[in-house]
Every structure is written in C-alpha cells, then in structure tokens.
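What follows is a single structure, and I will ask about it in a moment.
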Amino acid sequence: MKRFLTNLSLQIQITSLFLLFILIPLLVISLLSYRKSAETLTTKISESNLNTLIQIGTNLDLTLRDINSVSLYLPFNKEIRDFYDLERGEIQTNPTIYHPLSTLFFKKSYYKSVYLETNNGHSIDSIGSINIIDNKFYIMADNLNGGHFWFKNTIKYNNISDITVFSFMRVYNDIYTLKPLGYIKVNIGTEFFLEMMNQASVGTESTCVLLDSNGEKLLNAGKNISFEQNEILKELSTNLDIKHFSSGYFHNYKSTEDYLVSWYKLKEVDWVLINIIPRKDLLKDNNLIKQYIIIIMLFCFLILAPLAALFTSKTLKPIKVMTSLMENIHDEDFGVQLDVEGNNEIATLGRRFNRMSTRLKTLVEQEYLSRIKLQSAELQALQEQINPHFLYNTLDTICWMCRINKDFETAELVEALSSMFRLSLNNGNDVTSVGKEVEHLKNYYIIQSKRYMNVIEFHLHENEDLQYYQTSKMTLQPLVENSIKHGIEPTGKNGRIDVYIYKEFNNLIFEVRDNGLGFDTKLMYGYLTNTSNSYDNKGFAIKNVHERIKLLYGDGFGLEFYNNDIQGAIVKVIQPLIDIRKDI
C-alpha cells in the first residue's frame, strides 16, 4: 500500500487529500443529521401511534360499558321477568321475550346474541345459538353476586358453525328481593374488535394484540405473530410498567430487529391492548434523507474534484516545469533557469533551483569538465550494466501506471516481463534455484498465454520439495519456446505442453513434453555437436542450454531427446541434485 501511494503523482495525492478533508466531514455531519432526524421521527411517530392506540382502547371501553349498562335494564322488563319466574318443567308459551332482546341489544352491529338461563332449567338464545358454558364461569358469576366479567368462548350457530365471541356474563337478580334467578350472557363478535385493532396498523409488518390478565393472547390483528414478537409479549406479561401505568411505549432492542411497542390497559376489563411495529416501517419516509445524502455527496464530488484538480495543477505547475528542467540538467544543459513569481514555498524552491543550476554550470565548466571527459569511457561501460536494471525498473513503473488506469491485463503482461528480466539477470550468477526458474517460466507462460489464447495449454508438474535445489538459469524457458515455435505452431492446431520436475537417483530432471510435430533425434543431437553457425534458432537455443550445463557440471549432464509414443517430442534435462540450502 505504501509503495502504491508513493508511486502516485503529487497532484493526485494532494487532490485526494483535498477531497477527503471536505467530503469526510460532510459525510459525518450528514450521517449525524440523518441519525438525529431518525430519532426525532421515531419519537413523534411513537407518540402518534400511542395516541391512536389510546383512542381505540377508549372506544372499546365505551362499548363494553354500554353493554354493561344495557344489561342492567333487563330486570325491569316484564317479559324477561316472566321468563325468569317460570317454574321448573313449566312450558313457555309466550315468545314475546325476543322483542325486548332485539330492542335493547341488536340496534348495535357488534352484538351476536343474548343468552338467558334460569335457575329452574330454562334457557333461551336470541338467535338460537348453542351456548356451552364452563362450570368455572358459573362459579365466577355467583361469587361476583351481580358483578360482571368478560371471557372468550365459542357458540354454535344453527348447530353447524362455531363462532368465536367475547362474552359478557353476570347473575340475574330479582329486582325486589335481590334473589339470584339465573344468568345473563351477551355475546360480542370478534370482528368488531378486529376492525378497531386494525386501525392501529402501520405498514404491512405491524401487529396489534389483545392480552388477558394472565398474558394470554385473546386476539391478533395485522401480521401473524412471529417468534420475536411472541418473545416480546412474554416479556410484557411481567412488565412492571404495564402493571403500574395505563398506557405507554418503549423500543425493544433485545431481538435481532428493533420494534416499537405501545400498550393501553382497558378500564372496563383487565385486558391489555398492545401494538408492535418494526422500527424500519416507521422510518420508510426517512430513507429519502439517506438518498439525498448520497446525491449531495456525489454532487459535491463532481463539483469539487475538477476544482481540486485545477487548483493543484496550477499550484504544482512550477514543480512540473522544474522537473522538466532537471531532465535538461541530466542531459548536461546546465544553463536552464526557472521563471519564479511570488514568495511562497514553491517560489523559494524555484529560486534555489536557479542558484543550484548556475553554480553547477560554473563547477562543470571550471573544474570538472575535463575530468568528466576522461571518465566517459568508464561511465559508458557502467551504463551497460545499469541499462537492464533501468529497463525492468521502468517496466515496474509502467505496470503501476497500467493498474492506476485499470488496464489490469496489460499490467499483468508488463509485470511478467519485468519479472523475467529481473530473474534473467540473477545478480550476474549463472545458477539459480528451481523455484526461481519455475517463476521465470510462469512469467513466460503468462505472456505467451495472452498471445496463444485457448490455443496452447501449459501444465506444470513440479515437486515443491525441489524448489531450493540448484539449476542452470534460463533452462526451461528456451525449451518451452522451441516446443511452441517448432513443435505446435506449425501444426496449426491446438496443442499442449507439459513440464515435469522431479529427481531421479542423485540427479535433478526437467522434462518438456509437447504434442506437436515431433523431431528427428539424430538431427537434434547433431545440433549439440555442430560448431558452425548454420543451425537455425531451434538448434541455437538447445545448444546454448546444453553447453551451459556441461560447463557448470561436466560431460555427464545436459540434454536428451525422445519422440513421444503418441505424438510430439520430449526434451530431458539432466543436472546434479545440489541442495543450495546447505550454503545458507
């Protein structure tokens, strides 16, 4: 990373810093503003949602209170008193009891039916429904001695379908003697409650739940209860805030998703109305702010980037001119001068550059000119050694420039070529390690694979344990190049080259195999012994490799040639097995 930054131009570095110093604070301020607006919006929506829930709960309280009030009028109706006065076994012949029930109760749509039951075994339902009441509810009504309570149960309508209802129940007392004569049960449809609870829905993910005094779910409106929401309800059943306060809200952060939870305790019955809304649903509109932040950041970048580039270009122009003049000094033009304006640091640097140029010219002319001429031959010889290093250093620079310009394919080729030059120099040594020789071959393969795309397959079969053994440098690449040019390319077909690296007894073995035209082995061995310059490039390459190996290790080592049994040729390189780690 550090090397990458140092290879960037000064203009790019200053422009980037300029943009970062402006855009980062702007981004931080924007994010803080977004967070603050989200908190404010959440609070306002939370309060608004709680007010809605309170209004719904108040309406339900009014409805439940109205049912209680109506039930108090029943003992004053003659037809109903006559029904409760029926003796056991007496047959009711007067059906007029349905009239007061219809008059008192069924003006409101939320009534399902009214069920009357006497202690003498008589019962009647206003719509003929079957009411099966658990014995515990009779006991509760008796214990309340005229008081009422609510519970959830099921009635069977027309002996066919079951209808879930909320039931109001109390004891019917004689208005004169206050003696209990039976029971009154009023059934309210759950549709009314659902319709009211759906008004609290915010978005498609919200849930409104009605819980009883034990924390059990009576009714659910909106989205079905999820596992996380069910966990919230369990927590609420023991929550002290709900026990001590009639309404409120809080944010639940314990689950994987943040929820707004609001509640309202009904006054007419010990039930709690709870609304659960994912916070993401509350902040849908606030997401526009996030989009505006992105647009503003892009707009600022598009405006500031050219301005920053223009500013740095003008500011650094004297440095660029100075760099160009230094090239002239490098070419022994010591009379160059820089036009300097202003008193800033760059102007000061320019004036010092001019003084340096003038002083250098004087020194060269008066003291060193003759000495430089005398040493020119030595410098020329030294340059011959420096040029290869300058070449692969320049290739490295070109590689980085390609990466900066996102030309990665060209960068890969240049990097491979640069690595080949570096490995081929090998600090002037004639020998190298198997690992470096393989690296050199891989770089050559990268270059050739771009030239022969999908035409030639390269396969390397190496023993990694041999990477620290010695080999003559530049051995594999010339042989692979011969296989391409003289074995596969003339066929005009796709080909394959396999390189094997292994040890055999005390020898290091390289094998280069191809499926090309093959060769005349006598001709190949003739290349190795030919002392004239009449052989072609193929002969020159293999002779060069063979002779270098013989000079390094003796007559018992070098190249061998075979024709492949199926198709193509095999070149075998034999070298001694020398572990260079022993010399470290």
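Only heavy atoms go into these numbers, but all of them, side chains included; no hydrogens, no water, no symmetry mates.
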query = Any chance OH of Tyr468 has more than 12 other-residue heavy atoms, nucleotides or ligands included, within less than 6.0 Å?
reply =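 Count not over threshold, so no.
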
query = Are any of the side-chain heavy atoms of Leu50 and Ser247 separated by less than 4.5 Å?
reply =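 Sidechains of Ser247 and Leu50: in contact.
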
Determine whether Tyr111 and Ile67 make a side-chain contact, defined as any pair of heavy atoms from C-beta on separated by less than 4.5 Å.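 A side-chain contact exists here, since the closest heavy-atom pair is under 4.5 Å.
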
Would you compute the distance between atom CG of Asp66 and atom CG of Asp61 and round it to the nearest 0.5 angstrom?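 The CG atom of Asp61 is 12.5 Å from CG of Asp66, to the nearest 0.5 Å.
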
- Using 30° and 60° as the class limits, which term best fits the ring planes of Tyr500 and His461: parallel, tilted or perpendicular?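 Taking His461 first and then Tyr500, their aromatic rings lie parallel (interplane angle under 30°).
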
Glu191/Lys112 under side chain to side chain contact (heavy atoms under 4.5 Å, CB included): CA gap, chis, key distance, verdict: CA-CA 10 Å; Glu191 299 86 356; Lys112 279 294 180 185; 3.7 Å; yes

Practice prompt. Output the distance between atom NZ (Lys185) and atom OH (Tyr138), rounded to the nearest 0.5 Å.
Written response: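 That separation rounds to 8.5 Å.
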
| message | Could you measure the distance from the OG1 atom of Thr63 to the CG atom of Leu266? Nearest 0.5 Å is fine. | response |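 Result: 10.5 Å between the selected atoms.
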
For the residue pair Leu116 and Ile184, establish whether any side-chain heavy-atom pair is separated by less than 4.5 Å.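 Counting from C-beta outward, Leu116 and Ile184 do come under 4.5 Å.
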
Practice task
Please work out which of the three classes, parallel, tilted or perpendicular, describes the rings of Trp271 and Phe166, given edges at 30° and 60°.
Solution key: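 Ring orientation, 0 to 90° scale: tilted.
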
- Query: Which one of Asn77, Leu181, Ile124 satisfies the side chain to side chain contact (heavy atoms under 4.5 Å, CB included) criterion with Phe83?
  - Reply: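 For Phe83, the side chain to side chain contact (heavy atoms under 4.5 Å, CB included) test succeeds with only one of Asn77, Leu181, Ile124, which is Ile124.
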
Distance-only polar pair, side chains of Ser113 and Asn187, donor-acceptor under 3.5 Å =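 Yes, a side-chain donor-acceptor pair sits under 3.5 Å.
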
Could you check Ile501 against Asn463 for side chain to side chain contact (heavy atoms under 4.5 Å, CB included), going step by step and ending with a plain yes or no? CA-CA 6 Å; Ile501 301 175; Asn463 185 344; 5.7 Å; no

Could you check whether atom CD of Glu195 has more than 12 heavy atoms from other residues, nucleotides or ligands sitting under 6.0 Å from it?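 It does not: Glu195 CD has 12 such atoms or fewer within range.
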
Any chance you could measure Ser71, atom OG, to His148, atom NE2, to the nearest 0.5 Å?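 One gets 7.5 Å once the value is rounded to the nearest 0.5 Å.
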
| task | Considering non-hydrogen atoms only, spot the tightest contact between Ser123 and Tyr115 and give its length. | result |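 Result for this residue pair: CB-OH, 3.4 Å.
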
> About how many Å separate CG of Asn515 and CG of Asp498, when rounded to the nearest 0.5 Å?
Replying inline: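 If I round to the nearest 0.5 Å, the distance is 8.5 Å.
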
* Determine whether Tyr445 and Val499 make a side-chain contact, defined as any pair of heavy atoms from C-beta on separated by less than 4.5 Å. =>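 No - every pair of side-chain heavy atoms lies 4.5 Å or more apart.
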
Discussion item. Rounded at 0.5 Å granularity, tell me how far CG in Asp125 sits from CD1 in Ile130.
Written reply: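 Result: 9.5 Å between the selected atoms.
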
> Going by heavy atoms in the side chains, are Ile132 and Asn153 under 4.5 Å from each other?
Replying inline: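 Contact flag for Ile132/Asn153 side chains = no.
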
- Identify the heavy atoms of Ser206 and Ile277 that sit nearest to each other, and give their distance.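 Closest approach of Ser206 to Ile277, heavy atoms only: CB-CG1, 3.8 Å.
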
**Message:** A side-chain contact here means heavy atoms from C-beta on lying under 4.5 Å apart; do Cys208 and Leu273 qualify?
**Reply:**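 Sidechains of Leu273 and Cys208: in contact.
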
**Prompt:** Going by heavy atoms in the side chains, are Asn120 and Leu86 under 4.5 Å from each other?
**Reply:**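 The answer is no; the side chains never approach within 4.5 Å.
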
task: Please report the shortest heavy-atom distance between Leu211 and Leu218, naming the atom on each side.
output: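 Scanning both residues, the minimum pair turns out to be C-CD1, 4.1 Å.
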
Are the side chain of Asp514 and the backbone of Gly495 linked by a donor-acceptor contact shorter than 3.5 Å?
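Answer holds: no.
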
Contact between Thr118 and Tyr172 at the side-chain level, heavy atoms closer than 4.5 Å - yes or no?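 In short, these two side chains do not touch, never coming nearer than 4.5 Å.
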
Note to self: Here's a test for you: under side chain to side chain contact (heavy atoms under 4.5 Å, CB included), which of Ile188, Val186, Val114 qualifies with Phe168?
What the structure shows: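 Option passing the side chain to side chain contact (heavy atoms under 4.5 Å, CB included) with Phe168: Val186.
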
Hey, are Asp142 and Tyr183 close enough side-chain-wise for a donor-acceptor pair under 3.5 Å?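 Short answer, yes.
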
I need the minimum non-hydrogen distance between Ile175 and Pro75, along with the two atoms involved.
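That closest heavy-atom pairing would be CG2-CB, 3.1 Å.
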
- Message: Looking at Asn68 and Leu64, would you say the former's side chain and the latter's main chain have a donor-acceptor pair under 3.5 Å?
- Response: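 Not confirmed, Asn68 side chain does not pair with Leu64 backbone.
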
> What are the two closest non-hydrogen atoms of Tyr84 and Gly182, and how far apart are they?
Replying inline: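 Closest pair (atom of Tyr84, atom of Gly182, distance): CE2-CA, 3.8 Å.
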
Q. Nearest heavy-atom pair of Ile488 and Lys493: which atoms, and what distance?
A.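 Looks like CG2-O, 3.9 Å.
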
**Request:** Please test Val171 against Leu144 for side chain to side chain contact (heavy atoms under 4.5 Å, CB included), starting from the C-alpha separation and ending with a verdict.
**Result:** CA-CA 8 Å; Val171 169; Leu144 290 174; over 6 Å; no

